[in-house]
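Note sheet for the following structure.
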Amino acid sequence: MDDRGPRVVIVGGGFGGLAAAKALGKTPARVLLIDRTNHHLFQPLLYQVATAVLATGQIASPIREILRKQRNATVVLGEVTGVDVNQQSVIVNSADREDVPVPYDYLVLATGAGHSYFGHDEYEKFAPGLKSLADAVAARNKILQAFEQAEAEEDPSRHRDLLTFVLVGAGATGVEMAGALAGLVRSTLRSEYRRIDPSAARIILVDLGNRVLGTFADDLSRAAKERLERLGVEVRLGHGVDQIDAEGVTVAGERIASKTVIWTAGVAPSPAGKWLKGETDRAGRVRVQTDLTVAGHPEIFVVGDTASLDQDGKPLAGVAQVAMQQGRYAGRLIHRRVTGQSAPGPFRYFDKGNMAVVGKGFAVLQSGKVHVSGLLAWLAWAAVHLEFVGQSGLRISVFLQWVWTYLTGQRGSRLIVNHHASTNDDARTPSAPERQPAGTR
Ligand SMILES: Cc1cc2nc3c(=O)[nH]c(=O)nc-3n(C[C@H](O)[C@H](O)[C@H](O)COP(=O)(O)OP(=O)(O)OC[C@H]3O[C@@H](n4cnc5c(N)ncnc54)[C@H](O)[C@@H]3O)c2cc1C
């Protein structure tokens with residue numbers, strides 16, 4: 001790598017960080033991308049790994065493979081634990097070294113978000129969330145294991161608890177997961193067991209709000225709920241969970257026995273706000289200016305889920321498009337500064353619309369005044385996700401798997417794989433991630 005030019009350190013190889021790195025492709029600078037995993041993860045398809053449609057390698061790619069042709073970019077596997085804004089360095093732990101200062105001239109923080117249990121961190125061990133590949137594999141193990149346990153259980157009175165699946169949170173992740181789970185139990189697994197009837201499994205989706213897909217328009221939210229109910233999902237709205245433990249959940253005073261509870265509710269930003277000791281919003285996301293820098297630090301950019309920026313009086317959502325557009329903007333702005341060009345206008349998010357899938361062949365799509373639900377929306381969803389899934393090789397394999405699953409009901413990855421390492425870490429460095437403040441996505 002060239003040892004001249006300013007040092008641009010990017011923390012996070014998710015949607016925001018990767019977009020920033022790519023936008024710096026022709027910049028005379030030394031770009032260093034640090035991530036605690038070795039892969040870029042396509043989070044919107046995590047639920048398909050959790051429900052055995054896709055394998056882990058179909059929704060993630062090694063970051064260094066994605067950036068292999070970008071000669072000015074170096075990728076390092078390490079966990080950032082802090083930022084020294086006065087010394088202009090980030091503090092990094094790697095496999096065999098701790099607290100290594102890595103200097104920067106420009107810094108882009110794109111560290112995303114984790115789970116939030118809204119002050120009930122004790123729920124985490126009973127209701128794991130869905131944020132990393134390891135989370136998705138753990139959820140898949142749990143779901144498939146429940147059927148194995150029920151088949152092995154001679155006392156039929158125990159089958160009901162084992163085959164009751166509760167999803168807490170009816171946003172896009174909860175709805176997509178519920179639809180895919182319904183397909184798994186009613187179609188894929190239907191004829192494979194002898195002592196149990198997988199199609200009799202209960203899938204319960206719980207949310208405090210009065211609508212599923214709360215960020216979508218009313219008509220689409222209603223269409224999604226009706227579709228879920230047609231798929232046999234019990235949708236319980238207007239009441240959150242009062243309690244989660246090893247034996248199940250309590251909702252509105254009712255006890256629901258379940259061995260498989262999955263948290264699809266809140267997210268909390270990464271600790272970037274604590275590292276910078278700057279202004280954050282109530283959820284803990286770093287407040288950025290309209291050029292995505294932190295006040296008083298024109299050399300520090302924060303993008304994606306861990307940044308907080310209002311547009312037209314409303315905070316921008318924690319979605320992939322926002323992260324990608326912000327990352328690209330930050331990269332281009334740094335390029336212009338490094339090459340002595342004038343600064344661009346302020347960042348403005350261009351909203352291309354929102355989509356969510358509700359089981360086989362059905363999605364809802366909202367783009368401005370256009371509201372579509374059904375097969376057409378599902379086809380649009382499939383096309384957009386294939387375009388963004390990453391490498392072209394993955395695109396082909398995901399497409400073929402979807403066609404196969406659509407036609408036969410069979411899924412691509414129904415293996416129960418219990419890794420020896422902690423299920424909370426995918427190839428992460430040894431240090432534990434910091435506790436994060438509560439907030440919502
Ligand atoms: C299950 C699920 C479904 C979703 N579905 C959709 C959807 O359908 N449509 C949509 O638009 N959005 C969806 N989202 C949201 C979308 O994925 C996020 O908005 C987007 O990933 C944010 O991008 P980011 O770059 O800010 O963070 P991320 O993509 O999360 O990337 C953050 C990166 O930073 C790394 N990192 C974090 N901390 C450190 C550290 N201390 N040191 C080093 N590296 C670190 C992580 O390993 C990760 O690679 C979904 C999210 C989830 C979890």
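Every number for a ligand or one of its atoms is a count from 1 in the order of the listing.
Every atom of ligand 1 is numbered from 1 in the order shown, and the set under 4.0 Å from a heavy atom of W275 is 41 (N). Taking every heavy atom of A110 and a limit of under 4.0 angstrom, the matching atoms of ligand 1 come to 32 (C), 33 (C), 34 (O). Distances below 4.0 Å separate heavy atoms of L130 from the following atoms of ligand 1: 1 (C), 53 (C). Numbered from 1 in the order shown, with element, the atoms of ligand 1 that lie under 4.0 Å from a heavy atom of V319 read 10 (C), 11 (O), 12 (N), 19 (O). Ligand-side atoms of ligand 1 in range of G318: 15 (C), 19 (O), range being under 4.0 angstrom from any heavy atom.
Ring geometry, F301 versus Y106: the interplanar angle falls from 30° to 60°, so the pair is classed tilted.
Of all the listed residues (L77, D35, V80), V80 holds the heavy atom that lies closest to atom 40 (C) of ligand 1. Nearest to atom 25 (O) of ligand 1 by heavy-atom distance, out of G17, G16, G12, is G16. Of the candidates H385, R36, Q43, Q43 brings a heavy atom nearest to atom 30 (O) of ligand 1. Taking all heavy atoms of N38, V322, V49, D305 into account, the minimum distance to atom 19 (O) of ligand 1 is reached by D305.
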Open item on the list: Applying ring pair (Phe, Tyr, Trp, His ring centres under 6.0 Å) to Y123 and F118, what does each step give before you reach the verdict?
Closed with: CA-CA 10 Å; Y123 291 169; F118 307 123; 9.8 Å; no

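The N/O atoms of A113, backbone and side chain alike, include none that comes under 3.5 Å of an N/O atom in ligand 1. Considering backbone and side-chain atoms together, L46 places no N or O closer than 3.5 Å to any N or O of ligand 1. Residue G304 has no nitrogen or oxygen atom sitting less than 3.5 Å from a nitrogen or oxygen atom of ligand 1, judged on distance alone.
With a 4.0 Å cut-off on non-hydrogen atoms, A323 touches ligand 1 through its side chain and not its backbone. Using a 4.0 Å cut-off between heavy atoms, T173 contacts ligand 1 through its side chain alone, with no backbone atom that close. Counting heavy atoms closer than 4.0 Å to ligand 1, residue F388 contributes nothing at all.
Between G129 and ligand 1 there is no heavy-atom distance shorter than 4.0 Å.
Salt bridge annotation for R348-D312: present, with a cationic side-chain nitrogen under 4.0 angstrom from a carboxylate oxygen. Electrostatic pairing of R285 and D281 counts as a salt bridge here, judged by a charged N lying under 4.0 Å from a carboxylate O. With respect to R236 and E234, a salt bridge is recorded, a charged nitrogen being found less than 4.0 Å from a carboxylate O.
Minimum heavy-atom separation, S373 to V364: CB-CG1, 3.8 Å. Across every non-hydrogen atom of L24 and G331, the tightest pair is CD2-O, 3.4 Å.
Q289 and T293 share a side-chain donor-acceptor pair at under 3.5 Å. The closest side-chain donor-acceptor pair between N72 and Q70 falls under 3.5 angstrom.
Between atom CG of residue L213 and atom NZ of residue K225 there is a gap of 12.0 Å, rounded to the nearest 0.5 Å.
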